[in-house]
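Working notes, beginning with the structure itself.
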Amino acid sequence: MPWSRKISNLAFSLAQKYILKRNDLPSRSPFGIDYRQELNEAQYQAAMAMEGPLLVIAGAGTGKTRTLVFRVARLVEIGVDPRSILLLTFTRRAAEEMLRRASLLMDNRCAKVSGGTFHSFANGILRQYGRKIDLSPAFTIMDRPDSEDVIQLLRTEMGLNTKEKRFPRKQTVAEIYSMALNKQWTIPDLIERDYPHLYDSLEGLLQLYERYVEYKKGKALLDYDDLLIKLKDLLAEEKELRRRISDTYRFIMVDEYQDTNRLQAGIVRLLAEAHDNVMVVGDDAQSIYSFRGANFRNIMDFPKDFPGTKIISLEENYRSTQPILSLTNEIIRRAQERYEKNLFTRKDYGDTPLLIQAESEQMQSRFVCQKILEIREEGVPLWDIAVLFRSSFHSFDLEIELARHNIPFVKRGGFQFMESAHIKDLLAHLRILSNPQDAISWSRALLLLEGIGPQLSQKVIHWLLEGTHPTERLRSFETKGKVAHGLKTLAQVLEACSEGHRPAEKAQYLMQYYLPILKRRYPDDYPKRLKDMEHFQGMTERYRSLERLLSDMALEPPTDSVAGVLAVDPDEGPLVLSTIHSAKGLEWHSVFIIWALEGRFPSYYNMNSEEELEEERRLLYVAATRAKENLFVTYPIKIFDRGLRTVLSRPSQFIEGISEELLEPVTLVDEEEDRGWEG
């Protein structure tokens, strides 16, 4: 080789080098979202799992919603059709929020994911395919009070409400029918297990149930439970349709699986027939709704129902300090049956939770009020402090003490907005417009008119429903005076509302008609009720379809009364008082759990079985895991129980014997007594 070429090659080899990367090497993340950066290891494993059944045990505060959101995004990102993803949650708001967050991660494709509650999903499928099981797609959904009214009507017709022989109240009857369906028990089995004192009424209950089913079918009415029953029937009976729906929804996700009942678990099993691609997320330690029909066994038996299930536990908590988590781990460690998990956090600081013994209920209330004021002085707003209790009546004495200290509060779990009489009156008229065969809504509308009582109301309804156009027949019912005028006015209003107006216009027209009735029936507080009606009117503005409005009002009713919201001064709080059942899913800086007294929590009256006792333990766990920084557990002593004829003084068995390192005991001493002792 010539020297000139050698020198040239040597110079080139000594020159600065620039490395070209191979085209097949991955970038920092092979996807648009860096999942490993955004999620912890357990969350990452859950979000990346694709095929087959998956059970995610999500401890309190461990980011289960975040995990679901990223899994939705991941599925869409790898090319799964969003319309083939079904996300089932327990509130529509939860589904909407998850899909909104997924869309922010990805793009608007995530908005095409099918998300909602079991009941709303059932409503959609039944309106589309209900004819296959002889169900009219124009059915009306009844809420619980509507169901109770039907039951009352039928039991009267059957002569079951005579004074000579006691028969269960309509509320109890509706509860029995609903619970039997949700638990998938027969009515005789339910009576034997939970209502043995009503065994003498069993024959009447069975006869009434048959009439109830026939009545609903004849009037195109479905109650809440019917939505799930009919959906399961449709899926079970129509094999070809079941396969088609299963093929449509190739990836199914269920949130809060520990709160599902046997009926819902059965629906999930049927929906997944074609693929078994089911991811359920839940926490066995937070299964506390058996009184609504929720079945603890659903989450415990999921691996049996779906062989080959992969189990992932989320244990890193982002809510509470480690001292609080150490206590909650110990509370649930004593459970008879559970999935193994140990909550931990990087917040290894914090105060040890306190166990406060009070000489009386009144002293317990004084402590809570004094400590709340101290915490507020430290800069914690009242709205970030909560007092939780097992039963609603446990807070009565505290409410009096809070009033003495001028501490504003709201109490959760009270009267529901959609259950208020004036809102139900408006809805009844809208339901008539949607389904003129709805006898229950006719009854409610007619009873508002002067001169019409229950007997005349039923007579008018029979007359109306004998023809094909009930509203037109309203004018020709033979009567005189106030009744005739009222019927004609009602007919005029309904006819005017049926002429193609949007739901908001119909509601406004009906409000004008209803206002004189409101003033007559509620002279003392009609201005407050009018605010609720105006709030409802505002809600109707979002709808173009009356059917959708009525379905949403039945399936996802708003809970707060406007009057209740406006009563609170936003500058002053408010402090939150809540039953533990109503507090699930929420969190506060500081939490007080009151009445942690053996005999009250658990209540001696709620300990009929080991299953019930275990649910009480989980209830305390749910309460304790609501706290982020401070946790106070209190119990009064020397409480005389008249029913048991004994004095209650021990702390709850769920916390008794727990190490003082995890739960530090504190004894309250009155200031005057303390000064006397020092002297």
Side-chain angles (χ1 to χ4, degrees), residues 39-49 52-68 71 253-260 265 278-290 294-348 353 584-585 602 610-627 631 652-659 661-663:
L39 304 171
N40 65 38
E41 183 58 29
Q43 293 172 336
Y44 175 80
Q45 293 299 329
M48 300 299 281
L54 175 64
L55 170 59
V56 179
I57 301 298
T62 57
K64 72 174 181 63
T65 299
R66 184 176 181 81
T67 304
L68 281 165
R71 186 168 191 261
M253 287 180 275
V254 186
D255 191 19
E256 303 285 11
Y257 196 68
Q258 78 281 348
D259 294 336
T260 55
V278 178
M279 172 182 175
V280 300
V281 181
D283 185 4
D284 54 296
Q286 297 187 69
S287 179
I288 60 173
Y289 293 119
S290 65
N295 192 337
F296 176 68
R297 297 253 44 99
N298 284 356
I299 194 166
M300 301 308 296
D301 294 342
F302 184 82
K304 296 178 184 176
D305 296 335
F306 289 85
T309 292
K310 181 179 181 181
I311 301 176
I312 297 174
S313 293
L314 306 184
E315 298 177 303
E316 183 172 356
N317 179 282
Y318 297 92
R319 174 187 299 154
S320 308
T321 62
Q322 190 59 53
I324 291 173
L325 295 180
S326 297
L327 173 61
T328 60
N329 285 334
E330 180 61 22
I331 289 172
I332 205 62
R333 184 186 65 78
R334 302 175 172 194
Q336 294 288 325
E337 186 178 9
R338 64 190 175 92
Y339 285 105
E340 287 291 336
K341 64 177 178 300
N342 189 63
L343 298 184
F344 67 92
T345 181
R346 299 177 190 182
K347 301 178 185 177
D348 53 2
K584 185 173 173 294
E610 190 68 33
E611 290 81 6
E612 290 180 0
L613 181 63
E614 286 300 298
E615 181 159 323
E616 292 287 301
R617 185 192 312 279
R618 297 193 293 269
L619 200 59
L620 180 61
Y621 172 84
V622 167
T625 53
R626 301 308 96 199
L631 177 60
S652 168
Q653 61 179 282
F654 304 139
I655 53 176
E656 192 172 30
I658 288 182
S659 166
E661 294 179 357
L662 300 179
L663 185 60

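All values reported here derive from a predicted model rather than from experimental measurement. All values below were derived from every heavy atom in this structure, side-chain atoms included, with hydrogens, water molecules and symmetry-related copies excluded. All residue numbers refer to positions in the sequence shown, counting from 1.
For the atom pair CG of L314 and CD of E41, the computed distance is 11.5 Å after rounding to the nearest 0.5 Å. Taking CZ of R297 as the reference point, atom CE of M300 lies at 6.0 Å (rounded to 0.5 Å). Note that CG of N40 and CD of E315 are 10.0 Å apart. Values are rounded to the nearest 0.5 Å. Expressed to the nearest 0.5 Å, how far CD of Q45 lies from CG of L39 amounts to 10.5 Å. With rounding to the nearest 0.5 Å, the separation of NZ in K584 from CD in E256 is 3.5 Å. Put simply, CG on L343 and CD1 on I324 are 12.0 Å apart, with the number rounded to the nearest 0.5 Å.
Within the 4.5 Å cutoff, no side-chain heavy atoms of F302 are placed close to those of I311. Using a 4.5 Å cut-off on side-chain heavy atoms (C-beta onward), Q258 and F296 make no contact. Annotation: side chain of N298 is in contact with side chain of Y257 (closest heavy-atom distance under 4.5 Å). Looking at heavy atoms from C-beta onward, I332 lies out of side-chain contact with K341 at the 4.5 angstrom threshold. You'll find the side chain of F654 reaches within 4.5 Å of the side chain of L613, heavy atoms only. Side-chain atoms of V280 and I299, non-hydrogen and from C-beta on, never get closer than 4.5 Å to each other. Between K64 and D255 there is a side-chain heavy-atom pair separated by less than 4.5 Å.
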Q.
Go through it in stages, so that I can follow the logic: the residues are T345 and Q322, the test is side-chain contact (heavy atoms from CB on, under 4.5 Å), and I'd like the CA-CA distance, side-chain angles, deciding distance and then a yes or no.
A. CA-CA 6 Å; T345 181; Q322 190 59 53; 3.4 Å; yes
Q) Which is it for I655 and L620 under the side-chain contact (heavy atoms from CB on, under 4.5 Å) test, yes or no, and what are the steps along the way? A) CA-CA 9 Å; I655 53 176; L620 180 61; 3.7 Å; yes
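Scanning all heavy atoms of the two residues, the minimum distance from R319 to A60 falls at NH1-CB, 4.0 Å. Nearest heavy-atom pair, S320 versus A627, reported as atom, atom and distance to 0.1 Å: OG-O, 2.6 Å. Y289 and E615 make their closest contact through N-OE2, 3.6 Å (heavy atoms, listed as atom of the first residue, atom of the second, distance). Heavy atoms only, all atoms of each residue included: G59 and Q286 are closest at C-NE2, 4.3 Å. A49 approaches L54 most closely through the heavy-atom pair CB-CD2, 3.7 Å. Smallest separation of non-hydrogen atoms from S287 and D259: CA-OD1, 4.4 Å.
Screening L662, T625, L663, I658 for a side-chain contact (heavy atoms from CB on, under 4.5 Å) with I331, the sole residue that qualifies is I658. Evaluated for a side-chain contact (heavy atoms from CB on, under 4.5 Å) with V622, the options D283, T328, I288 yield exactly one hit, I288.
The main-chain N or O of T62 is found under 3.5 Å from a side-chain atom of Q43 such that the two form a donor-acceptor pair.
Between E614 and R618 there is no salt bridge, since no side-chain N of the basic residue sits under 4.0 Å from a carboxylate O of the acidic one.
For the pair R66 and Y318, the cation-pi test (distance below 6.0 Å, angle within 45°) is failed.
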